Amino acid sequence: MKKYANWPESYPDTTWFTKARFGAFIHFGLYTLGARHEWFMTNEQITPENYRKYFEHFDPDLFDANQWAQEIKATGAEYVVFTTKHHEGFAFWDTKESDYKITNTPFGRDLLAELLPAFRQAGLKIGLYHSLIDWYHPEFPIDGLHPCREDETYRVSNSQRDLKKYQDFLAAQVTELLTDYGKIDYMWFDFSYAHRDWEWSVGKGANDWDARRLEKICRTLQPEMLINDRFDLGHGITTPEQYQPDKPLYKDGLPVLWEACQTMNGTWGYDRDNQQWKSSEQILQMLIDTVAKGGNFLMNTGPNGRGLIDKQSKERFSDLSEWFYLHNRSIKQCGPSDFVPPVDCRYTQNGNRLYLHIFSWPYFHIHLKDLAGKIRYAQFLNDGSEVFYRGFDPEEVITTTETIIEPNDIVLQLPTKRPDALVPVIEIFLNE
């Protein structure tokens, strides 16, 4: 197994994760009915009592586990991370630890029990998102992120709130998830904020979650399962959110195992009025950029209150599906390359196959640095058509119609019209 700076040697093999490269995130919760950001409970400072109306009306009657699984699998994703419980405290499974669960809503069914088998049947690895925060639980201490932070009645209740009882509750729910729902491939905790200080309260981190206990539960019940880094123990998969690192991640001379988490519009949960949609091309370029820098890409969708993936998301799913059908081998099992790509391009590489992803189509030529004598064949990946190339010729007479080629470089000769692909890819076969 490859060594990573943020992955203890006692942790399980990460090969499936780094080969997959592309996963889907699903944010679903009571906030879906509010349809105005998954954090609106705290943004609008709504008490648990007033927020309960969403619990009483939650009924995603058109939810179809198999449909979700097929739509997500078609995008090219190899794994899914689903929100079992977000910060609002609502559980998507028939937990024995709380009445605040989906089986007590009008929907009345254990959604997790239907969804996970459908994902497995579709060949998707299973990841579970689980919030360490719980704004509904009566023992969770009020702090500066809590919806009731400005309510003095709630703030004074902190003296009666027992963090140990909350830790026991958190551990018990995690135990249920890792015991009752089969093999889980990835546990995605969210999130620690011990650095925050509001003077009257501070944020929460590893000690508040009893994170060592949670880690032990994970390692004992699902020893092959991967874990992210958000319970504040200093290791686990690093998960940058809503930004793209500008280079591959390294620490102490070793690569970092990481995953870029991105929304398709401006929010994670369903937001009816948020129209800040990224284009399919932009999403795909972000995915390629991530893999070119050695990371995984986790693309989010937020189903609506009827349990459907919305039209805008489906359009992007469809575009990615079409591209992946022809270009998947430039992503799956690939990683970064030591070669420096041309401007507006990204390289990924798998063994002796180098993949040139062209973000901006040039006129006729692309110059490839330091590849002289290293190429034996090149082709467009979308249709397998040959791409001609040539290198430096010391006998060539350069006039006003010839491109200048440096001695160590190769020049690809391209058609004037770009291939009909969201991002064209040239597959380059390197000499052994």
Side-chain angles (χ1 to χ4, degrees), residues 2 15 18-22 75-76 78 248 255 281 284-297 319-399 401-432:
K2 186 174 181 179
T15 300
T18 53
K19 282 186 175 181
R21 288 304 183 198
F22 182 30
T75 66
E78 291 289 321
E281 182 181 29
L284 179 57
Q285 287 183 355
M286 289 163 68
L287 186 158
I288 294 165
D289 179 70
T290 299
V291 178
K293 294 169 182 171
N296 278 36
F297 189 77
D319 290 341
L320 288 174
S321 175
E322 182 179 345
W323 187 88
F324 255 92
Y325 178 70
L326 299 175
H327 301 89
N328 70 83
R329 67 179 185 238
S330 74
I331 296 296
K332 296 177 182 180
Q333 301 190 42
C334 286
S337 174
D338 291 333
F339 294 108
V340 178
V343 174
D344 292 333
C345 297
R346 299 292 188 276
Y347 278 140
T348 62
Q349 190 167 347
N350 181 7
N352 69 340
R353 295 194 187 194
L354 180 66
Y355 295 96
L356 176 67
H357 301 80
I358 307 170
F359 287 4
S360 179
W361 191 252
Y363 174 63
F364 203 53
H365 296 123
I366 289 186
H367 293 247
L368 307 182
K369 294 291 183 185
D370 301 320
L371 281 170
K374 298 176 181 176
I375 298 177
R376 58 188 176 90
Y377 189 72
Q379 64 181 10
F380 280 113
L381 198 50
N382 65 299
D383 65 355
S385 60
E386 183 177 9
V387 174
F388 292 109
Y389 60 92
R390 64 192 184 95
F392 173 74
D393 180 358
E395 303 298 324
E396 182 177 16
V397 177
I398 302 297
T399 69
T401 60
E402 286 83 28
T403 186
I404 298 172
I405 304 174
E406 297 296 330
N408 293 325
D409 297 351
I410 287 292
V411 166
L412 300 178
Q413 297 177 240
L414 304 181
T416 302
K417 187 177 185 302
R418 61 176 282 165
D420 185 18
L422 209 55
V423 174
V425 181
I426 295 176
E427 185 176 40
I428 299 167
F429 295 79
L430 302 174
N431 294 321
E432 297 293 343

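Quantities reported herein were computed from a predicted structural model and do not represent experimental measurements.
- Phe380 places a side-chain heavy atom less than 4.5 Å from the side chain of Leu414.
- Between Asn408 and Lys369, every side-chain heavy-atom pair lies at or beyond the 4.5 Å cut-off.
- The distance from the CH2 atom of Trp323 to the CG atom of Leu284 is 5.0 Å, given to the nearest 0.5 Å.
- Looking only at side-chain heavy atoms (C-beta outward), Asp370 and Val340 stay at 4.5 Å or farther from each other.
- Minimum heavy-atom separation, Phe359 to Arg346: CZ-CG, 3.5 Å.
- Asp383 CG: more than 12 foreign heavy atoms inside a 6.0 Å radius.
- Side-chain contact between Phe22 and Thr75: present, with at least one pair of heavy atoms (C-beta onward) separated by less than 4.5 Å.
- For the atom pair CG of Leu326 and OG of Ser321, the computed distance is 10.0 Å after rounding to the nearest 0.5 Å.
- Rounded to the nearest 0.5 angstrom, His367 NE2 and Cys345 SG are separated by 12.0 Å.
- How far CG of Asn296 is from OG1 of Thr290: 8.5 Å, rounded to the nearest 0.5 Å.
- In this structure a side-chain-to-backbone donor-acceptor pair under 3.5 Å is present from Trp361 to Thr416.
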Inset, instruction - Go through the steps to decide whether Leu371 and Leu354 satisfy the test side-chain contact (heavy atoms from CB on, under 4.5 Å), and finish with yes or no. - result: CA-CA 11 Å; Leu371 281 170; Leu354 180 66; 4.0 Å; yes

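- Contact check for Leu356 versus Phe339: no side-chain heavy atoms found under the 4.5 Å cut-off.
- To the nearest 0.5 angstrom, Ile358 atom CD1 is 10.5 Å from Ile288 atom CD1.
- Contact between Ser330 and Leu381 at its shortest, heavy atoms only, is CB-CD2, 3.9 Å.
- The closest side-chain heavy-atom distance from Lys332 to Arg21 is not below 4.5 Å.
- Counting all heavy atoms, side chain and backbone alike, Gly294 lies closest to Pro336 at CA-CD, 3.6 Å.
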Pairs under 3.5 angstrom only: tabulate donor-acceptor contacts from the side chains of residues 420-432 to other protein residues two or more places apart or in another chain.
residue : atom : partner : partner atom : Å
Glu427  : OE1  : Arg329  : NH2          : 2.9
Glu427  : OE1  : Gln379  : NE2          : 2.8
Glu427  : OE2  : Arg329  : NE           : 2.9
Glu427  : OE2  : Arg353  : NH1          : 3.1
Glu427  : OE2  : Tyr355  : OH           : 2.7
Asn431  : ND2  : Gly373  : O            : 2.8
Glu432  : OE2  : Asn352  : ND2          : 3.0

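- Within 6.0 Å of atom OH in Tyr325, 12 or fewer heavy atoms from other residues, nucleotides or ligands are found, so the atom counts as exposed in its surroundings.
- Put simply, the side chain of Thr348 never gets that close to the backbone of Ile331: no donor and acceptor are under 3.5 Å apart.
- The shortest heavy-atom contact between Pro342 and Ile366 is CG-CG2, 3.6 Å.
- Judged by distance alone, with hydrogens and angles left aside, the side-chain atoms of Gln349 form a donor-acceptor pair with the main-chain N or O of Gly351 at under 3.5 Å.
- Within the model, atoms CZ of Arg390 and CD1 of Ile375 stand 13.5 Å from one another, a figure rounded to the nearest 0.5 Å.
- Between the side chain of Asn328 and the backbone N or O of Phe324, at least one donor-acceptor pair lies under 3.5 Å.
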